[in-house]
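The block underneath contains the structure these notes are about, expressed in structure tokens.
The sequence lines fix the lettering, A, B, ..., with proteins before strands; numbering per chain opens at 1.
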Amino acid sequence: MAETEHRPTNFVRQIIDKDLQSGLHNSIKTRFPPEPNGFLHIGHAKSICLNFGLANDYQGTCNLRFDDTNPEKENIDYVNAIKADVNWLGFTWDGDERYSSDYFEQLYGYALELIDKGLAYVDFSTQEQMREMRGTLKEPGTNSPYRDTPIAENHKLFEAMRAGEYKEGECCLRAKIDMTSPFMCMRDPVLYRIKFAHHHQTGDQWCIYPMYDFTHCISDALEHITHSLCTLEFQDNRRLYDWVIENISAPAVPRQYEFSRLNLEYTVLSKRKLIQLVDEHHVAGWDDPRMPTIAGLKRRGYTPASIREFCLRIGVTKMDNLVEMGMLEACIRDDLNVNAPRAMAVLDPIKVVIENYPVDQSETLVAPNHPNDESKGNREISFSREVWIEADDFREQANKKFKRLVLGKEVRLRNSYVIKAERFEQDQDGKVTTVYCSYDAETLGKDPADGRKVKGVIHWVDAASGVPAQINLYDRLFNVPNPAGAEDFVSTINPNSLQVVNGIVEASLTNAETGVAYQFERTGYFCADPDSSAEQLIFNRTVGLRDTWGRTEGA
RNA sequence: UGGGGUAUAGCCAAGUUGGUAAGGCAGCGGGUUUUGAUCCCGCGAUUCGUUGGUUCGAGUCCAGCUACCCCAGCCA
């Protein structure tokens, strides 16, 4: 798809333009810094597109850095999934992926530097004591009794922490800043804590791990990141970011800028909540097609280009937002409308028997793969005496607004003949099972010679060659626009977010490649599910077609 | 008077030396159409959270007010 030619401007670009013009920087370097404690989601895609997009547009580079300072929550599977997702989105990071843990030794050295400057101390207060001494939002905190431990002793104490001489929670390293600061994060923040945990990158090498605020800014400096972009909740932390950089022998001075995180209607985008959905089996896994994860969107049938386009359209600002799902759907429809070959599939089949068509005859028809793009070629579809049509496409009686098959009336079978409904059969519940029709043999590829107008066109699948398929129809995962705002977001889960249907697809779809999109004419965009253990074809509906009829009809 | 942020159409979002409100999504009309799809054409803010002020002129400058978001993890 043709992505928007020139990127819309935003405040980050303006800052970069200024920094380039003023000569502050000759080129830019950004980074995408996920913690490997879960799968990436569409919100991360916003950050990825921003960081990698900026690097591309300004001919700079972008690093992929795993912010792996909390081994208890992280693992290598997430690292691998994240790398795959970033690549799948179409981005390439500069050199090898980095890890904050690559810098543990240097970070340790900077911590020692702060200690030696009298700007950090080892605190043996309990967590509860620290909380009490921190004060509140409106009241200043009070100094720790360990705050004035002599420098030399702090130096030894910290070395002892590293050597494993203290238990978890027994002590921690804190920056000596200002317990009365209006910024809570400046009230002597913890820099290092003790964790006897195995780390996916450094193994058992360390028993002390640096905190985010100490690690991130230094990692940025070590990588010579020029513009460090993060989300709004880190605005206060910027004071600490700058404090650390100013007080150590930093090799560079990176700057942090914050933008608002993405909120999408009818889903949740917080790692904690997504983990809960997976752990409590509200969904089948991280790549469940209903999940807003990159892996889920991929399995659902979203393309990398459509997600990039979405990120372009939503923009980058500091305003809180809640983007409509329709925005995302418009992006994938725009992509698939021009790129997806058409095919026919019936989701809720009823039989049509064409009584004046020879019993043992069948013929091969040619159908274009795309109505507006001849270059996509044609395919062959078979036609015979019995075909399946959509149950919704037949009514015993209806007004002229209903442009489908009605008893005694004609309708065009897409890419085929005009048929007329003569009579029908239904089961004991009143559901129509079979419609007996006649066909006009002179209407293949042309209108009736006598000038009869046949307005309706419906899709169908040849009964003799059609293939049964499981079709997964997805709906929003939650019943409310902003589940994150609910008291209990789990209670707002939509119990009908997945509807499994047994349909019939045209024979050409038998070998549909996993993940490759098709438009099933008149019903939507679908792609084959990767589930290889399944015994039959499985198609996932990515998104339906825009449906103005369904709207008026339903109303 | 804790501090940090944000307020432009239903949603997203341009608007940067003050000069008379881009664009996209959604919606609504109309046209084309063997997908009620696509495509094409047309329609939306006398108004920029609010109240005042400065000015010939303010979304853009100033002051006050209001609403919403974030911060009291040895999480990120």
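Candidate nucleotides B:rC75, B:rU35, B:rU38 were compared by shortest atom distance to the side chain of A:Arg193, and B:rC75 ranks first.
If you check residues 446-458 of chain A against RNA chain B, the residues with a heavy atom closer than 4.0 Å are A:Lys446, A:Val457, listed by number. Contacts of residues 318-328 of chain A with RNA chain B (heavy atom under 4.0 Å): A:Lys318, A:Met319, A:Asp320, A:Asn321, A:Leu322, A:Val323, A:Glu324, A:Gly326, A:Met327.
Applying the Watson-Crick and G-U wobble criteria (two distances, each under 3.5 Å), B:rG2 pairs with B:rC71.
Only the P atoms considered, B:rG52 is 14 Å distant from B:rU47, to the nearest whole Å. Across B:rU6 and B:rU38, the matching P atoms stand 38 Å from one another, rounded to whole Å.
When each of A:Thr317 and A:Arg131 is assigned the nucleotide of RNA chain B bearing its nearest heavy atom, the one mapping closer to the 5' terminus is A:Thr317.
Here CE of A:Met211 is found 10.0 Å from CG of A:Leu240. Values are rounded to the nearest 0.5 Å.
Under the rule for a ring pair (Phe, Tyr, Trp, His ring centres under 6.0 Å), the partners of A:His227 that lie at least two apart in sequence or sit in another chain are A:His25, A:Tyr257.
Nucleic acid contact class of A:Lys271 (heavy atoms, under 4.0 Å, all strands): none. Within 4.0 Å of A:Phe402, counting heavy atoms only, lies at least one base atom of the nucleic acid.
Straight-line distance from the CD1 atom of A:Ile332 to the P atom of B:rG24: 20 Å, rounded to whole Å. When rounded to the nearest whole Å, the span between CG of A:Asp188 and P of B:rA72 equals 16 Å.
One N or O donor and one acceptor, one from the side chain of A:Arg342 and one from the base of B:rU35, sit under 3.5 Å apart.
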